[in-house]
Amino acid sequence: MTSTAPETQRGQDAGDPLGEQPTSWQRRLRRFGHVPRPETSLRDRLDPPWTRPGRQVWPVLAISPHVADRLVRWSAWGGPLLVTLVAGLLRFWRLDQPNAVIFDETYYAKDAWALVNQGYEGSWPKDVDKLILKDPSSVPIPTDPGYVVHPPVGKWIIGFGEQLFGFTPFGWRFMVAVLGTISVLLLCRIGRRLFRSTFLGCLAGLLLAVDGLHFVMSRTALLDLIVMFFVLAAFGCLVVDRDRSRRRLADALPVDEEGVLRPDARIAETLRLGWRPWRLGAGVMLGLAFATKWNGLYVLAAFGLMTVLWDVGTRRTAGAARPYMAVLRRDLTPAFLSTVPVAIVTYIVSWTGWIVTDKGYYRNWAATEGKGSSWSWLPDWLRSLWHYETQVYDFHVGLTSGHTYESNPWSWLVLGRPVSYFYEEQTGCKESSTGKCAAEVLAIGTPLLWWLACFALAYVVWRWLFRRDWRAGAIACGVAAGWVPWFFYQERTIFLFYAVVFVPFLCLAVTMLLGAIVGPAAGTGARADLGLTSKDPTGERRRTLGAIAAGVLVLLIIWNFIYFWPLYTGTSIPEDLWRDRMWLDTWV
């Protein structure tokens, strides 16, 4: 393999022109690992090349160069699809088990069934879950409206699976499993584009495929995995938009008599980047995330700021003397219009069922309790929806009742308090010294992956601050957008499984760390930064040892996932083995 380390694109958004002496603050930061930008061509900084496997491996495998080129082209999609196939087989295996309504499926499965059949959620009687499992056709859908505290998109998606496969555990889990599987494909392709390496992209997808929290959430009819899918899709859209806008700007810059691309302040500051459909797609995806659960709003704000800063870096690299002013004049308004209004419209459209049926909860509030308001010039449905939203907001911020499995967001990364979705104890188990067996579905990440992610996040933040690596900043932004907002609601009842929204970014962080452990390939600019040349045997030994270390870590993570497999799938095991897997007292 050639360069699999993220080092190869170091500092490509740096603003100083090539050859300029480092400033005093840069010299001071070198003691912390800051390095000047490598001497990379302007075109490669704007549109970095893709990593290709080294040619020395093909003769060993007796593969001709022509066939090797075809394999390389095939691997761009073939590798991610293969990883996705593995993830799909894992997620759909015995998806109907346990044959029970587990944890909050008691809300979303029933609300989804009512939504797809009558356009609004009903008020279900208590203790109806057993009847649904026994004979769902015998349970009528309640026509009285139910008070729900989450927008409808996630329930529409769950309901689509129920329409296909019935009001059964497999039916209400089907679409969540589909999105969980597709999200692995998305991460493979996003990681490939971020790191310019098919190998690293597939590694990121593999890590997501064997993460326990993502796995459990992919097999449970809850909303948070759906939010994660739309957030990841939005991130992917923005990464593609960034690549295309930088390529467009590179194509507009002048070329000197030697064919070398040169920066141009006038073009960099005045060029309009034109129609950007991928940014518009990101706005739709963020609107769908927000229309599934409200925490998508924070991601909308974070990603909106991130994409504007990317534009600043693009124009600075192209030679803009005042990149912030250029972005303010040329990019800020289109960026806002492509995301915020689009997301809001998407959110409102998601309530169409509630609007047109005229029977949903609070649907007629404007014509009854809200009659005579100073806002009566607005449509009744809009005022009723606004009132509904304010009531839901009050519910969320006031939700402080204790719960057995609640946890503080400070403890999430170390998996301090996972959530037990299902637990069943069987007696007469001969394999156990206690005579008991246990079957549990525990919403917990793969421990070794998450604990390694703690170090990976520290590396990502360091790399962002001192190596000026935009990819590290993007990964940190994804984690922060899904995690940091919960610190403002520490009095509220919150759970570890909310963290599934930023699990893909943890996998990207670990991938970046593993790439650094492997080290850059011979002949890359990053290798020169490390003082290693293609003829340096020390560098080859260092890369070999790095590859072994990274490989061992990946194998340990996969083993850890297999070890906890019974707790992810509700498989009955002797109580002794179940207790062996309770590594921390807080997991019980």
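- For the salt bridge (charged side-chain N to carboxylate O under 4.0 Å, His left out) condition, no pair includes a residue of residues 75-87, sequence neighbours left out.
- The side-chain heavy atoms of Val518 and Phe199, taken from C-beta on, include no pair separated by under 4.5 Å.
- Ring geometry for Phe502 versus Trp412: interplanar angle under 30°, hence parallel rather than tilted (30 to 60°).
- A 4.5 Å side-chain heavy-atom check between Val441 and Arg219 finds every atom pair outside the cut-off.
- Note on ring orientation: taking the six-membered ring where Trp is involved, the planes of Tyr498 and Phe495 are perpendicular (angle over 60°, cut-offs 30° and 60°).
- Aromatic ring orientation, Phe561 versus Trp565: perpendicular (interplanar angle above 60°, classes split at 30° and 60°).
- Under the 6.0 Å distance and 45° angle rule, Arg192 counts as a cation-pi partner of Trp50.
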> What's the verdict on ring-ring contact (aromatic ring centres under 6.0 Å, His included) for Phe564 and Trp583, showing C-alpha distance, side-chain angles and the deciding distance?
Replying inline: CA-CA 11 Å; Phe564 279 89; Trp583 287 0; 5.1 Å; yes

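- Within the 4.5 Å cutoff, the side chain of Phe290 has no heavy atoms near those of the Val153 side chain.
- Here OH of Tyr568 is found 13.0 Å from OG1 of Thr220. Values are rounded to the nearest 0.5 Å.
- We find the CG-CG distance between Leu187 and Leu207 to be 8.5 Å, quoted to the nearest 0.5 Å.
- Heavy-atom neighbours of Arg581 CZ from other residues, nucleotides or ligands within 6.0 Å: above the threshold of 12.
- Applying the salt bridge (charged side-chain N to carboxylate O under 4.0 Å, His left out) test to every pair with at least one member in residues 267-286, sequence neighbours left out, gives these pairs: Asp241-Arg276, Asp241-Arg279, Arg276-Asp311, Arg279-Asp311.
- For the side chain to side chain donor-acceptor pair (under 3.5 Å) test, no residue two or more places apart in sequence or in another chain qualifies with Arg189.
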